[in-house]
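As structure tokens, the structure follows; a few thoughts come after it.
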Amino acid sequence: MIRVWQGDITGLDVCAIVNAANRSLLGGGGVDGAIHRAAGPGLLDECRGLGGCETGSAKITGGHGLKARHVIHAVGPVWQGGGQGEAELLAGCYRTAMDLADAAGCRSVAFPAISTGVYGYPPEDAARVAVATLRDWLDGHEGWEVTLVAFDARTADVLQKALEE
Ligand code: ADP
């Protein structure tokens with residue numbers, strides 16, 4: 001089951017929240033900054049040991065001070081016009097995050113709108129990639145609750161429309 005929820009991802013009581021990280025995994029602005037602030041310094045300490053992450057992939061850590069048991073740090077592509085494999089890289093974030101959540105024994109996971117902030121991915125296109133990739137992954141995996149988190153009303157609307165397509 002996929003649902004859209006508007007608000008701050010850092011407070012969600014789910015097994016894993018996904019972070020829109022950068023390749024260093026050493027913190028940044030936007031949702032990344034919010035997650036590190038809410039989780040506390042232990043999260044950054046754990047991330048230091050991960051050696052970064054490739055674009056289009058993800059790595060998992062503990063949730064530290066969060067309600068969520070895990071944080072999955074996904075590195076979305078920077079939008080460069082769409083001809084640089086951005087869609088496949090973004091899909092890779094969602095697929096890898098679901099694989100990692102599954103391996104950690106989770107059945108609930110919440111995603112921010114990866115790449116649609118500072119990384120400039122058009123929100124409508126990103127929402128379509130997210131929904132298609134998650135539907136494909138969930139086909140054959142039972143009992144999951146996936147939350148697409150919108151920080152603002154416009155993103156909530158875009159995500160809801162993509163779900164209804
Ligand atoms: P990226 O660098 O991947 O574009 P950003 O953090 O800049 O990542 O933005 C990704 C999305 O996360 C944007 O839609 C932004 O509005 C949203 N966002 C920012 N803070 C939060 C938060 N606390 N909870 C949920 N979503 C957030």
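None of these values were measured; they are calculated from a predicted model. FYI, the numbering just counts along the sequence from 1. Note: hydrogens, waters and symmetry copies are ignored here, and every other heavy atom, side chains too, is used. In each ligand, atom 1 is the first atom listed, and ligand 1 is the first ligand listed.
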Legend entry - Check: Gly30 N/O within less than 3.5 Å of ligand 1 N/O: no

Inset, instruction - For atom 7 (O) of ligand 1, find the nearest protein heavy atom and state the residue, atom name and distance (0.1 Å precision). - result: Val118 N, 2.9 Å

Legend entry - Side-chain heavy atoms of Leu138 within contact of Met98, under 4.5 Å: yes

Inset, instruction - Around atom 17 (C) of ligand 1, find the nearest protein heavy atom and jot down its residue, atom name and distance. - result: Phe151 CB, 3.9 Å

Legend entry - Donor-acceptor contact present, side-chain Thr61 to main-chain Cys47, <3.5 Å: no

Inset, instruction - Would you mind checking which non-hydrogen protein atom is closest to atom 6 (O) of ligand 1, with the distance to 0.1 Å? - result: Val31 N, 2.9 Å

Inset, instruction - Taking the side chain as every heavy atom from C-beta outward, state whether Leu43 and Ile35 have any pair of such atoms under 4.5 Å apart. - result: yes

Inset, instruction - If you have a sec, work out which protein heavy atom is nearest atom 24 (N) of ligand 1 and how many Å separate them, to one decimal? - result: Ile9 N, 3.0 Å

Inset, instruction - Taking atom CD of Glu145 as the centre, report whether more than 12 heavy atoms of other residues, nucleotides or ligands fall under 6.0 Å from it. - result: no

Legend entry - Heteroatom proximity flag, Thr116 to ligand 1, N/O under 3.5 Å: yes

Inset, instruction - Tell me which protein heavy atom sits closest to atom 8 (O) of ligand 1, plus the residue, atom name and distance to 0.1 Å. - result: Ala20 CB, 3.8 Å

Legend entry - Test item, Ser115 contacting ligand 1 (heavy atom, 4.0 angstrom): yes

Inset, instruction - May I ask you to decide whether Arg95 forms a salt bridge with Asp136, counting only side-chain N to carboxylate O separations under 4.0 Å? - result: no

Legend entry - Under the ring pair (Phe, Tyr, Trp, His ring centres under 6.0 Å) test, residues paired with Trp79 that sit two or more places apart: Tyr121

Inset, instruction - Give the numbers and elements of all ligand 1 atoms closer than 4.0 Å to a heavy atom of Ala34. - result: 23 (N)

Legend entry - Under 3.5 Å side-chain donor-acceptor pair for Asp99 and Trp137: yes

Inset, instruction - Give a yes or no on whether a salt bridge exists between Arg154 and Asp157, defined as a side-chain N under 4.0 angstrom from a carboxylate O. - result: no

Legend entry - Heavy-atom nearest option to atom 10 (C) of ligand 1, drawn from Gly7, Gly76, Ala113: Ala113

Inset, instruction - Looking only at protein heavy atoms, identify the closest one to atom 23 (N) of ligand 1 and say how far it is in Å. - result: Asp8 OD1, 2.9 Å

Inset, instruction - Below 4.0 angstrom from a heavy atom of Gly117, which ligand 1 atoms are there? Numbered from 1 as shown, please. - result: 4 (O), 5 (P), 7 (O), 9 (O), 10 (C)

Inset, instruction - Before signing off on this row, confirm whether Pro112 and ligand 1 have an N or O atom pair separated by under 3.5 Å. - result: no

Inset, instruction - For the pair Lys59 and Glu54, find out whether any cationic side-chain nitrogen is under 4.0 Å from an anionic carboxylate oxygen. - result: no

